[in-house]
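Note that the structure is predicted; figures quoted are calculated from it, not measured. Both counts, for ligands and for their atoms, begin at 1 and track the order of listing.
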Amino acid sequence: MNILVIGGGGREHALVWKLKQSRRVEKIWCAPGNGGIAADAECVAIDAGDVAGLVAFGEKGRPDLTVVGPELPLVDGIGDAFRERGWAIVGPSKLAARLEGSKIFSKEFLQRHNIPTAKMCGSFDSAKDAYSALRNVGFPVVIKADGLCAGKGVLLAQDFAEARDFIERAMEKEELGAGGRRILLEERLEGDELSFIIVTDGKSYAPLVPTRDHKRVFDGNQGANTGGMGAYSADALLPEELRKTIISTIVEPTLAGLAAQGLPYQGFLYIGLMLTPSGPKVLEFNCRLGDPETQAIVARMDFDLAEVLEDVAGSNLIASKLHWKPGASACVVLSSGGYPGKFETGKPVDGLASAEQISGVKVLHAGTKRVGDEIVTSGGRVLGVTAVGPTLGMALASAYAAAERICFDRMHYRKDIGLQGNCLKASRN
Ligand code: AMP
């Protein structure tokens with residue numbers, strides 16, 4: 001098989017790394033890829049959001065299978081563009097990708113199919129109406145921009161002034177771009193968050209191993225929100241009873257609802273959950289894998305990813321093919337100092353080979369590029385140091401030992417990945 005992977009971050013490096021291990025795979029292209037992916041695949045200089053450019057590449061390269069990492073090309077219809085041409089692709093249609101591309105669509109979908117979620121207090125396309133609605137809600141309230149906003153579209157507003165300011169910036173000043181022109185208000189949920197990700201061909205589905213990520217930049221969940229500073233996976237995250245509840249109250253009604261609306265879903269579906277005292281509730285859907293959760297998930301895969309994804313694209317998924325390494329995995333993100341605010345790039349990265357000598361460790365690249373013989377930083381999140389181990393404690397120890405061997409100017413990473421989350425206490429010994 002010749003495979004095209006779309007994207008250029010740590011998630012895509014993880015996918016490329018695993019796909020390359022398959023005996024069925026002859027060649028992998030990655031558009032656009034990065035400095036680390038370049039060692040495992042042929043990088044093609046096409047932006048992941050450039051659907052027309054990717055179709056043009058498909059005409060020439062004729063990949064046997066395409067795997068889409070980020071949401072933007074899916075929301076813009078790459079799934080349809082490839083399938084119309086008879087090219088196998090893993091990723092939902094443009095209409096189904098609205099589960100991520102429009103929070104209002106997704107909330108209405110959840111309500112229509114009685115799937116547990118935070119109560120919506122209204123959706124608005126005029127700032128004036130949104131301000132007046134604020135007078136009738138209790139605080140804190142959650143405000144969500146409808147469209148894609150690169151992780152900046154959600155605010156947990158503590159009071160009226162904060163809420164008004166966010167709505168003004170989103171709807172009047174258009175600081176979030178087109179994604180902020182409509183907003184919704186919803187009740188705030190409390191509890192632990194959990195990511196539940198499935199892969200489905202529209203009929204069958206298979207859950208991936210449970211993961212949790214860390215969004216804030218500093219230890220103790222302090223500082224600004226980021227794309228994700230680390231993630232971990234351990235079976236203990238998801239007790240069997242909870243797993244059954246999630247499947248019966250959320251996963252199956254979601255797939256049935258999509259099919260009933262004529263939107264059969266094919267690809268990865270990421271379900272962000274809040275584990276509330278009254279049961280798990282959906283916070284959000286993503287129409288693709290998470291980053292850095294993918295790095296932790298891929299590290300535990302004990303099956304041929306190329307074969308399974310080919311089955312997904314061919315509507316032939318056999319869930320029992322997905323075997324997982326027991327134990328746990330962890331991914332610690334090494335970021336540029338200053339991220340998610342301003343940061344410098346072009347810093348040489350040292351210690352990569354030495355880090356990978358630690359057993360069970362793989363260093364996955366996110367924001368790097370190759371300059372001559374050197375790897376230099378090129379983004380906010382630079383590397384995802386990923387490790388597996390028989391227990392979460394051991395996976396974390398390996399990932400942190402490897403992280404200590406890597407160095408670039410102003411490198412920053414959290415020291416408490418995997419240490420939070422009460423479900424984990426038992427599994428860390
Ligand atoms: P979303 O993009 O909808 O997942 O929101 C991003 C983050 O905002 C989530 O991971 C939660 O931490 C938080 N969040 C979203 N919706 C709610 C809610 N209704 N209650 C509490 N926190 C929320």
Side-chain angles (χ1 to χ4, degrees), residues 70-72 74-75 97-111 115-124 130 133-134 137-159 162-163 166-167 170 176-177 179-180 182-197 210-218 220-232 237 246 250 254 268-294 333 340 414 417 420-421:
E71 61 279 17
L72 186 60
L74 292 167
V75 170
R98 281 181 299 169
L99 280 186
E100 175 163 8
S102 165
K103 301 244 185 223
I104 295 172
F105 171 84
S106 136
K107 182 62 71 176
E108 287 170 355
F109 171 87
L110 289 161
Q111 289 178 333
I115 300 165
T117 184
K119 267 197 212 81
M120 178 161 73
C121 319
S123 64
F124 306 94
L134 282 182
V137 300
F139 287 91
V141 74
V142 178
I143 312 177
K144 295 187 175 181
D146 181 48
L148 297 182
C149 293
K152 297 192 169 66
V154 176
L155 178 78
L156 174 61
Q158 297 298 341
D159 54 37
E162 223 177 59
F166 182 83
I167 294 171
L176 301 175
R182 299 173 77 201
I183 59 139
L184 74 79
L185 298 178
E186 71 178 33
E187 108 187 271
R188 180 226 184 147
L189 298 176
E190 285 183 87
D192 280 333
E193 286 186 44
L194 181 76
S195 318
F196 196 90
I197 308 176
T211 53
R212 198 169 272 170
D213 72 346
H214 299 257
K215 288 271 183 241
R216 301 298 187 110
V217 67
F218 298 125
N221 293 331
Q222 302 295 308
N225 248 326
T226 69
M229 294 300 292
Y232 56 99
L237 268 172
I246 293 171
I250 292 168
T254 296
F268 294 101
L269 179 63
Y270 173 117
I271 310 174
L273 296 168
M274 188 73 94
L275 306 178
T276 76
S278 57
K281 296 189 178 178
V282 177
L283 286 175
E284 65 165 335
F285 288 117
N286 291 335
C287 60
R288 36 84 199 178
L289 286 163
D291 184 341
E293 290 96 327
T294 304
V333 170
R414 277 182 66 159
I417 301 303
Q420 294 185 337

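Minimum interatomic distance between F109 and I115 (heavy atoms only, all atoms of both residues): CE2-CD1, 4.0 Å. F166 and K152 get closest at one heavy-atom pair: CE1-O, 3.9 Å. Considering all non-hydrogen atoms of both residues, A224 and P340 come closest at CB-CG, 3.7 Å.
Contacts of ligand 1 (protein heavy-atom distance under 4.0 Å) are K103, A118, V142, K144, V154, E186, E187, R188, L189, E193, M274, L283, E284.
R212 contributes no side-chain N or O that, together with a main-chain N or O of L194, makes up a donor-acceptor pair within less than 3.5 Å.
Contact of the F139 side chain with the L134 side chain is registered, since non-hydrogen atoms from C-beta on lie closer than 4.5 Å.
Not counting sequence neighbours, E284 has no partner by the side chain to side chain donor-acceptor pair (under 3.5 Å) test.
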